Every structure is written in C-alpha cells, then in structure tokens.
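Everything quoted here is computed from the prediction, not taken from an experiment.
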Amino acid sequence: MYYVGIDLGTSAVKLLLMEGTGKITNIVSKEYPLYFPNPGWSEQKPEDWWSAVKEGLKELTKDYDKSQVAGISFGGQMHGLVILDADDNVIRPAILWNDGRTQDETDYLNQEIGKENLSKYTANIAFTGFTAPKILWVKNKEPENFAKISKIMLPKDYIAYKLTGSFCTDVSDASGMLLFDVEHKCWSQEMMDICGIAANQLAKIYESYEVVGTLKPEIAAELGFSAQVKVAAGAGDNAAAAVGTGTVGDGMCNISLGTSGTIFISSKNFGVDQNNALHSFAHADGKYHLMGCMLSAASCNKWWMEDILHTNNFAEDQAAITDDKLGNNHVYFLPYLMGERSPHNDANARGTFIGMTMDNTRADLYQAVLEGVAFAIRDSFEVAKSLGIHIEASKICGGGAKSPLWRKIFANVLNIRLDLIESEEGPGYGGAILAAVACGEYASVENAAAKLIKVVDSVEPDKELAARYEERYRKFAQIYPTVKQLFPKIS
C-alpha cells in the first residue's frame, strides 16, 4: 500500500509517496504565492493551498496504482489563522506564522492577562506568531470579519476539511495556538473567553495518528482514489519532522540547523519550565515535547561567509579551524542577528562579538560564529535538563549539519552523541508515517519510527574537548545577562 505525506509549507506544498516499507517512491512540490499587504504582514490564500494540493496529488500518483493509496496525512506550517463563515467560505486571507502585526495584542496577553495566567491556561506565553493574538487582531481591527467567523482552523486542517469534510485538528498543532490546554489536551475555556470565541468555532481534537475521516466521494473521483482512503489528523511541521527523524518516545532529541535552529525534545511527561523559555507542546506520538527555537542558526554561517567575507567557499574557511583550535578560542559570538526567541525571548537582542585582540585571525572569528550557535542551542538544552530530562544523544539535521566541523563542535559543546539519519524529508515523511500508523501498517508511531528511521553516521564527543567546551560555555552563558540592558538602547 501507499501512504501520502503532505508538507504544507510557507512557500510550497511538498507531497511525498511512501510504500509501507518506508521507501519513498515519489516527491512532488507545488509553489503558491505569499502576500505582504503591509510592512510586517504575511498572508496566503487557503484556496491556493487547496489547488496546489489537488494538482500535487494528481501528479504524485499519476504513474502509480492509485487503488493502492491507503492513507493521507500532514505536516503543516503552524500558528496560521484560517477563518470560514457559515457557508464555508474563506473570510479573509490566512494570517501566517511569520506575520508581525499582532504586537499590541501579544503585549495585552502577556502584560494584561499575564504570562503566569497564560502559562497556567495553555503551558505557554504569547508570541506575535501564535494564533490567539491573530484572533484578537481580527476582533479589534476587522470586527465585520470577526462577526462572520463560524470555523477557526490551522492551515493543514483546512486541507483535511476540504478532503474529508471533517472539522478537525491535532494536539501538536493546536498546542501552538495559545488556545489549547496542553497538559489536559483540550481547549482552554479561559482563552476562549479572552478571545471572545465559542467552543463550536474550534475544531474537534485528535491525536496526530488518528483517522479523522475518509475522502469525500467527489474528491476521490476527481483524484482517481478510492473513497475509502483514510485521512489522519497529522501534525504541526516541527512535530511531523520529529516523527520523520525518529524523535519520538521519552528523552529523544533532534537538532535542526536550518535558517533558524530548533532543539526538539520528546518526553512521556508534561513539563513547563518556570520562565516559559521553551515551548511546551503535545507531540504527534501521543505524548509531549519541549521545543526551543533560535531565530538565526545556519543563517549566521551564511551571513558571515557571504555578506561579510564575500565568499561561498565554506569548506576552505572551515579547514583553517584546526582541531587544536577547538575549545581554545577566546572570541565569543552572540548569534542574535534577528533578536532571539528561546530561551531569552528578547526581540532587542543583537549579534555581538566579544573578546577580540590584535592577534585574532579570520578563522578565530568564524570559529566563534559556529561555536556561538552551538552555545545558544546549549542554552535551551540546559533548560530541558533543569526539568529532569536526561538526553544521551540527538539526531542532527538541516543544511548546517552537513558540515563535519560543525557537527563535531555541537557534539562536544552538548557532550552527547549526534546521529545523522538516512532520509531528511522531514514533515512530509513524518506525515506519511502518521498515515501508515492510522491505517494499521504499524502499531504505533514509536514502532514505525524504530523500523523506518536509519542512522547512517554518528559523532561521539571527545572527553578532553568536551571539558574545554564546558568551561567555554560557562563563560558564554554570562555574556547575554551582562549586556542585555544595552540592547534596547542600541537596537
């Protein structure tokens, strides 16, 4: 049988066809427009997603036996606000995760409602990207649209609704709305009251691997699929990607070094750190996870090389950072080129070099950039450890993970083994795995991950180097608190 994973991203939808053995047989990508109607705004038309998904499904399966397609599921861009009226028409373009218009509403939630109350209601505090501030913005700025709202959805759930007619969401994606009681896996009545919405405007909640329905007969006919194809709830993109990397079960970890950086830690237990430094969300495996997100990770590497040094010969510059230099650098770099999210939640934070002397070289500064990103991920790692979570190893993925030097730095800064996996198809692969679990191909998400995710390379920490990096990290950890008060004055 075949299983389809739909990765509904910000620039394109990526569709993946997987056999029950886990083998990927085809991948198709369809782009759609992104709109910026005002500075700091970011919107898309849900109808564009739907058109792209339908065309993508047809292209994905055109050379395969469509009768063998058994299940479909999703990984989707999180936090976006999709609103429908009583006739199921989209009321306005979706307001996306990277939209910054809700600063006033976010400040109201964090300062007037209070972070302590928000954490009690939802296990999280407000960020401009989250869904609840967007609902308040529509209420405050577009009251005529707010009055029309019949259904509130997340992006991938709009696709599930169009495929099946099921008004649904999953626990991992719902966790990022600031409307969801993460610990008890239900909608928060307090947050509904704050936002002025009713329970019947919010979707039925499912675990990510649960079946939400089958294809509408007319949709099945259009696609050439059986009407018995099962659609599973799916997950937010980070949770789906975690499934795709095998980061499920207790104490598993994945580090992603993309433009931004994330550390994703799965846990059998619910937990919230006292400062809400990490997001506390439900996971696609039926349990929970913590996630730290830094806004500039591999982008720091790109910035230093391309924008500052005007070269793209990354390998040549990294070759100058020899083993004897590791753990011995006296230059430090704070990688906050776009402010920072986890664990500082400080939009005013800025990139900073400190500790330079006349004998420093180009290689020293480049090394500081690579180490600074690793130290910043370690900050979130330390928060997780403070909750009693023991992490022995982590997967590492993303463009930055292709650098052997950077992997070595990370392994020793964190003092854990780092594993590279065979496939890096992320949310799409995770979505296909969730579909396979929903259809009974595998007994559980953990069972599927254990059978399908293959480690192809590992980096072990070196005892002496890890000790040197421990000393360096303790000094790095003192820099941000020391200079924090300067950032609002210079930003």
Parallel, tilted or perpendicular, as decided by the 30° and 60° cut-offs, for the rings of F375 and F476: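 It falls in the tilted class, 30° to 60°.
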Anything under 30° is parallel, anything over 60° is perpendicular, the rest tilted; go ahead and classify H283 against H289.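 Because their plane-to-plane angle is over 60°, the rings of H283 and H289 count as perpendicular.
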Only counting residues at least two apart or in another chain, list the ones meeting side-chain hydrogen bond (donor to acceptor under 3.5 Å, both in side chains) with Q318.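 Partners of Q318 by the side-chain hydrogen bond (donor to acceptor under 3.5 Å, both in side chains) criterion, ordered by chain and then number, come out as Y366, S403.
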Strictly below 4.0 Å, N to O, side chains only: are [X] and [Y] in salt-bridge contact?
| X | Y | answer |
| --- | --- | --- |
| E207 | K185 | yes |
| D173 | K156 | yes |
| R417 | D419 | yes |
| R474 | E471 | no |

Judged by modelled atom types alone, do [X] and [Y] share a side-chain donor-acceptor pair under 3.5 Å?
| X | Y | result |
| --- | --- | --- |
| E425 | S423 | no |
| D379 | Y480 | no |
| W97 | T10 | yes |
| D170 | S208 | yes |
| E183 | Y288 | no |
| S188 | D181 | no |
| Y2 | E19 | no |

N/O donor-acceptor pair under 3.5 Å between [X] side chain and [Y] backbone:
| X | Y | result |
| --- | --- | --- |
| S73 | L434 | no |
| K134 | G129 | yes |
| D237 | P427 | no |
| R350 | L337 | no |

Please assess N124 against T122 for the test side-chain hydrogen bond (donor to acceptor under 3.5 Å, both in side chains), listing each intermediate value before the final yes or no. CA-CA 5 Å; N124 294 278; T122 72; 4.6 Å; no
Could you tell me which non-hydrogen atom of T106 sits nearest to which non-hydrogen atom of A126, and how far apart they are?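 In this case the closest contact between T106 and A126 is CG2-O, 3.6 Å.
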What heavy-atom pair brings A376 and P335 nearest, and what distance separates the two atoms?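 Looks like CB-CG, 3.8 Å.
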For the residue pair F353 and W304, is the inter-centroid distance of their aromatic rings smaller than 6.0 Å?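 Ring centroids of F353 and W304 are less than 6.0 Å from each other.
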Centroid separation under 6.0 Å, is that true for the rings of F130 and F127?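 Yes, the ring centres sit under 6.0 Å apart.
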Among V413, L405, L326, find the one that has a side-chain contact (heavy atoms from CB on, under 4.5 Å) with L370.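 Only match with L370 under side-chain contact (heavy atoms from CB on, under 4.5 Å): L405.
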Which residue in the set R378, K475, K463 passes salt bridge (charged side-chain N to carboxylate O under 4.0 Å, His left out) when paired with E470?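 Only one option passes, and that is R378.
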